[in-house]
Amino acid sequence: MIESMNNTQVKRIGKLKKSSRFRRQEKAFIAEGFKMAAEGLVHGLVQTMYVAESAGEEYFSKLSHTIGKENIEWVSDAVFRQLSDTTAPQGVLAVIRMPEYEREKILSGDAAALVCLEDIQDPGNLGTIMRTAEGAGMSGVVLSKGCVDLFNPKVVRSTMGALYRMPYYITEDMTSEVELLRRQGFQIAAARLDAEVDYTHADYCGKTGLLIGNEARGLCSETAEKANVGVKIPMEGHLESLNAAVSAALLMYEVRRQRR
């Protein structure tokens with residue numbers, strides 16, 4: 001049983017929680033809670049499972065037949081509380097290998113649909129967009145390198161498991177990526193406050209990319225100008241804008257509506 005915060009594995013977990021650079025280096029991240037850990041097992045991505053001593057044999061028996069006892073580490077309750085990011089820890093935490101996808105496979109198909117995110121900063125927004133993208137049947141999520149880390153523990157929790165199932169890739173430059181997508185046959189619709197086209201009036205039936213910008217600044221002008229069309233979401237009252245995740249959800253479900 002691991003009983004010290006100085007344990008090598010405990011230190012690695014701490015670095016995986018705090019450092020996006022270390023996560024990229026290790027190609028691994030932390031998933032806490034039974035559901036997220038168990039789903040990581042289903043997808044064959046778990047490296048090591050950590051179970052708190054008070055979690056008992058119930059969790060151990062459910063997990064050990066899938067991952068093998070040799071890949072489960074018992075942790076004292078005191079140490080687990082230090083490792084946990086939640087107020088009521090379930091007593092299960094896993095180190096997960098990052099899923100990897102090929103860009104061209106995500107783009108394949110005559111009706112590929114992408115949601116392209118430029119510099120989204122709020123972990124809850126990113127996690128919610130990942131969940132909604134799965135629910136709306138999108139082909140993939142494209143993230144600019146300026147987005148909050150997809151494997152930040154807060155993002156991981158808010159995806160509610162969609163992180164394991166929703167294909168994604170990260171682009172170094174969203175402006176250039178939009179140009180490339182257009183050359184590959186995608187029609188790009190950019191969510192803009194100054195747009196004149198209602199989002200329900202654009203055509204999303206072919207290869208489609210939806211552009212969503214930063215919560216505070218929106219899309220950078222260079223990226224927005226590369227889109228085929230700018231679309232707006234009508235708003236009543238005195239609102240200046242909608243939450244980025246809400247805007248993305250409306251656009252993604254409009255894509256789904258038009259294709260049914």
Side-chain angles (χ1 to χ4, degrees), residues 1-101 120-131 141 143 145-166 168-170:
M1 180 180 294
I2 297 174
E3 299 181 292
S4 171
M5 291 298 294
N6 290 320
N7 179 277
T8 302
Q9 295 183 71
V10 169
K11 289 182 177 180
R12 180 173 184 250
I13 291 170
K15 290 181 71 176
L16 286 171
K17 284 173 54 181
K18 294 177 181 178
S19 171
S20 59
R21 178 179 296 180
F22 188 69
R23 289 192 288 269
R24 290 192 299 270
Q25 177 185 317
E26 296 286 298
K27 295 184 178 180
F29 65 99
I30 299 300
E32 187 175 349
F34 181 78
K35 180 184 183 299
M36 288 296 293
E39 191 155 351
L41 285 174
V42 170
H43 292 275
L45 297 172
V46 173
Q47 294 180 345
T48 308
M49 193 78 67
Y50 297 87
V51 180
E53 59 179 324
S54 62
E57 291 293 332
E58 178 184 1
Y59 280 162
F60 183 79
S61 61
K62 287 181 179 179
L63 299 169
S64 61
H65 75 281
T66 304
I67 191 173
K69 295 180 180 179
E70 69 278 7
N71 293 315
I72 298 179
E73 296 280 357
W74 288 96
V75 182
S76 71
D77 289 343
V79 170
F80 198 93
R81 281 193 297 271
Q82 293 295 314
L83 293 178
S84 175
D85 272 337
T86 63
T87 54
Q90 293 182 11
V92 179
L93 177 151
V95 176
I96 308 284
R97 176 171 51 83
M98 290 181 180
E100 297 181 349
Y101 302 93
I120 294 294
Q121 293 297 297
D122 182 81
N125 279 341
L126 181 52
T128 299
I129 291 170
M130 290 291 288
R131 290 171 63 189
V141 177
L143 303 100
K145 68 177 182 179
C147 285
V148 62
D149 182 18
L150 182 58
F151 300 99
N152 175 303
K154 292 180 180 179
V155 177
V156 171
R157 282 199 300 274
S158 63
T159 68
M160 296 295 289
L163 180 64
Y164 297 124
R165 302 179 296 269
M166 192 67 228
Y168 73 92
Y169 66 92
I170 299 170

(request) Would you check if T159 and V155 make a side-chain contact, meaning some heavy-atom pair closer than 4.5 Å? (result) yes
(message) I need the I170 CD1 to R24 CZ distance, nearest 0.5 Å.
(response) 8.0 Å
(request) Indicate yes or no for a side-chain donor-acceptor contact from N7 to the backbone of I2 under 3.5 Å, with no hydrogens or angles considered. (result) no
(message) Under a 3.5 Å distance rule, please check whether S84 uses its side chain to pair with a backbone N or O of F80 as donor and acceptor.
(response) no
(message) Under a 3.5 Å distance rule, please check whether K35 uses its side chain to pair with a backbone N or O of M160 as donor and acceptor.
(response) yes
(message) Looking at every non-hydrogen atom in both residues, tell me the closest pair between G40 and I96 and how far apart they are.
(response) CA-CD1, 4.2 Å
(request) Taking atom types as modelled, find out whether Q9 and T48 have a side-chain donor-acceptor pair closer than 3.5 angstrom. (result) no
(message) Could you measure the distance from the CG atom of D122 to the NZ atom of K154? Nearest 0.5 Å is fine.
(response) 9.0 Å
(request) Given side-chain contact (heavy atoms from CB on, under 4.5 Å), test I30 with V95 step by step and report yes or no. (result) CA-CA 5 Å; I30 299 300; V95 176; 3.7 Å; yes
(message) Ignoring hydrogens, what is the shortest heavy-atom contact between D85 and E32? Give both atom names and the distance.
(response) N-OE1, 3.1 Å
(request) Kindly give the heavy-atom pair with the smallest separation between V46 and A94, and that separation in Å. (result) CG1-CB, 4.3 Å
(request) Report the distance from atom CE of M49 to atom CG of L93, rounding to the nearest 0.5 Å. (result) 9.0 Å
(message) For a quick test of reading the model, state the closest non-hydrogen atom pair linking L45 to Y164 and the distance between them.
(response) CD1-CD2, 3.8 Å
(message) So, taking the atom named OH in Y169 and the one named CG in L150, what distance separates them when rounded to the nearest 0.5 Å?
(response) 14.5 Å
(request) State, to 0.1 Å, how close N152 and R23 come at their nearest heavy-atom pair, and which atoms those are. (result) CA-NH2, 3.7 Å
(message) So, using side chain to side chain donor-acceptor pair (under 3.5 Å) as the criterion, who are the partners of R12 when residues are at least two apart?
(response) E26, Q47
(request) Using modelled atom types only, decide if a donor and an acceptor are shared between the side chain of R97 and the backbone of G44 within a distance under 3.5 Å. (result) yes
(message) Within the supplied structure, the quantity of interest is the number of heavy atoms (other residues, nucleotides, ligands) at a distance under 6.0 Å from K17 NZ; does it exceed 12?
(response) yes
(request) Using a 4.5 Å cut-off on heavy atoms from C-beta on, say whether the side chain of E73 contacts that of M1. (result) no
(request) Could you walk me through whether Y101 and Y168 pass the ring-ring contact (aromatic ring centres under 6.0 Å, His included) test, one step at a time? (result) CA-CA 7 Å; Y101 302 93; Y168 73 92; 5.6 Å; yes
(message) Just to verify, which of L83, I13, V10, I72 counts as forming a side-chain contact (heavy atoms from CB on, under 4.5 Å) with Y50?
(response) I13
(request) Quick one: pull up CE in M5 and OG in S76 and give me the separation to the nearest 0.5 Å. (result) 9.0 Å
(message) Please check: side-chain N/O of E3 versus main-chain N/O of V75, any donor-acceptor pairing under 3.5 Å?
(response) no
(request) With the side chain counted from C-beta on, respond yes when T128 and L126 share a heavy-atom pair under 4.5 Å apart, and no when they do not. (result) no
(request) Quick one: closest heavy-atom pair of G127 and S158, and the distance? (result) CA-OG, 3.1 Å
(request) Output yes when a side-chain donor or acceptor of E53 lies under 3.5 Å from a complementary backbone atom of D77, and no otherwise. (result) yes
(request) With rounding to the nearest 0.5 Å, note down the distance linking OG in S19 to CD in Q25. (result) 8.0 Å
(request) In sequence, state the C-alpha distance, the side-chain angles, and the governing distance for F29 and L16, and then conclude on side-chain contact (heavy atoms from CB on, under 4.5 Å). (result) CA-CA 6 Å; F29 65 99; L16 286 171; 6.0 Å; no
